[in-house]
Amino acid sequence: MAAAHGHRSEGADGLGDVKDTDEADRHPGAAGPPAFRAAVEALRGCRLRPQIEVEPTPAPQRLAPYAYALEAVVVDGEQELADGRLVLLHDPVGHDAWRGTFRLVTLVRAELEPEMAADPLLPEVCWSWLTGALGARGLGYGEPSGTVTRASSHYFGGLADRPAASQIEIRASWTPREGRGGVPDTAAHLISWCDLLAQVGGLPPAGPGDTSVVTLPQRRGPQSR
């Protein structure tokens, strides 16, 4: 059943709706118009590098008539390096803000050393990771938008023994270029998104990458699973 238009929150991109809390499952991907089903099947059939574990997760309810979501974690042995969520939205009649009928919305997070989080160039560098991941694979897209947020926690009193912690968070959305039958190459966009996750997590690139993308050194050590 399609969601009613006009009930989307946080604007057309819905960046604020890509959250950690569980939300009702909109469409598992088996329902919907042919273009949406084909886009979802491409996501399901995508082969990814073994350090990235991906699985379906409940999608936001109010962003589009049809939605499908994946969550992922970057692992190194028993250590978690980064995590994120990718949501595929589809509105068969199109969306003025998207300039298309599909939209990809993402949230990516990882921990950094506090001194690296204080780098004034950090937001620009992190945004270049996203655009560089898409550009390195030659993907066409439009209307990109997003935020890069850094947060630091310092502990006092009974928690004073804990080391300071800093986290980077990238929220973004973009419109993938539609191909034959009005279906975007969602598998290639998923692979590029995983490239972003791997870079945020500090993994080396899986293949030739975009040399214009800057990499930050001295990541915080991995977290135990």
Side-chain angles (χ1 to χ4, degrees), residues 8 10-15 17-18 27 29 32-49 52 54 56 59-60 63-72 74 82 84-108 123-148 170-200 203 205-215:
R8 304 184 182 95
E10 297 283 342
D13 288 339
L15 296 177
D17 279 8
V18 186
H27 295 274
F36 177 70
R37 296 199 305 269
V40 170
E41 283 304 311
L43 291 175
R44 288 175 166 173
C46 190
R47 298 183 64 181
L48 306 171
R49 59 191 297 180
I52 300 179
V54 179
L63 301 182
Y66 301 94
Y68 183 77
L70 297 168
E71 61 182 8
V74 181
R85 182 176 293 188
L86 182 69
V87 180
L88 174 68
L89 305 176
H90 179 53
D91 189 336
V93 301
H95 197 296
D96 290 342
W98 302 352
R99 296 186 181 272
T101 62
F102 283 91
R103 189 76 171 171
L104 286 164
V105 185
T106 185
L107 164 66
V108 172
E124 289 80 7
V125 169
C126 289
W127 186 254
S128 79
W129 289 344
L130 171 62
T131 58
L134 295 170
R137 295 189 180 273
L139 292 175
Y141 65 96
E143 308 305 315
S145 64
T147 62
V148 176
I170 304 171
R171 292 178 182 264
S173 67
W174 64 94
T175 299
R177 180 178 298 165
E178 297 172 13
R180 180 176 300 179
V183 182
D185 189 350
T186 50
H189 282 269
L190 174 58
I191 292 172
S192 293
W193 180 69
C194 288
D195 290 342
L196 168 65
L197 271 173
Q199 188 162 23
V200 171
L203 292 182
D210 184 354
T211 57
S212 67
V213 177
V214 182
T215 300

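The structure presented is a predicted model; accordingly, all values stated were derived computationally and were not measured.
- Side-chain contact annotation: Thr175 with Arg99, donor-acceptor N/O pair under 3.5 Å absent.
- Under the side chain to side chain contact (heavy atoms under 4.5 Å, CB included) criterion, Ala72 pairs with Ile52, Val54, Trp193, Leu197, sequence neighbours left out.
- Legend: residues meeting salt bridge (charged side-chain N to carboxylate O under 4.0 Å, His left out) with Arg177, ordered by chain and number and at least two apart, are absent.
- To the nearest 0.5 Å, the span separating NE2 on His95 from OG1 on Thr101 amounts to 11.5 Å.
- Closest approach of Tyr68 and Pro56 over heavy atoms only: OH-CG, 3.6 Å.
- The side-chain contact (heavy atoms from CB on, under 4.5 Å) with Cys126 is formed by just one residue from the set Val148, Thr147, Leu196; it is Val148.
- Of all the heavy atoms in Ala67 and Pro60, the pair that sits closest is CB-O, 4.0 Å.
- Sequence neighbours left out, the pairs with a member in residues 181-191 that pass side chain to side chain donor-acceptor pair (under 3.5 Å) are Trp174-His189.
- Using a 4.5 Å heavy-atom cutoff, the side chains of Thr131 and Pro144 are not in contact.
- In this structure, Ser145 OG and Arg171 CZ are separated by 12.5 Å, a value rounded to the nearest 0.5 Å.
- Of the inter-residue distances, the one linking Trp98 atom CH2 with Arg103 atom CZ reads 8.0 Å to the nearest 0.5 angstrom.
- Between the side chain of Ser173 and the backbone N or O of Leu104, no donor-acceptor pair lies under 3.5 Å.
- The structure places CZ of Arg137 at 4.0 Å from CG of Asp195, a figure rounded to the nearest 0.5 Å.
- Counting all heavy atoms, side chain and backbone alike, Leu89 lies closest to Ala64 at CB-CB, 3.9 Å.
- Two residues are said to be in side-chain contact when any heavy atoms from C-beta on lie closer than 4.5 Å; Pro92 and Tyr66 meet this criterion.
- The main-chain N or O of Ala133 is found under 3.5 Å from a side-chain atom of Ser192 such that the two form a donor-acceptor pair.
- Two residues are said to be in side-chain contact when any heavy atoms from C-beta on lie closer than 4.5 Å; Cys46 and Ile191 meet this criterion.
- When all heavy atoms of Ala172 and Trp127 are compared, the closest pair comes out as CB-CZ3, 3.8 Å.
- Formation of a donor-acceptor pair under 3.5 Å by the Arg37 side chain with backbone atoms of Gly32 is found in this model.
- Between Val183 and Ala39, the shortest heavy-atom distance links the atoms CG1-N, 4.0 Å.
- The distance from the CG atom of Leu48 to the CG atom of Leu190 is 5.0 Å, given to the nearest 0.5 Å.
- A parallel orientation is assigned to the rings of Phe36 and His90, their planes being inclined by less than 30° (bins at 30° and 60°).
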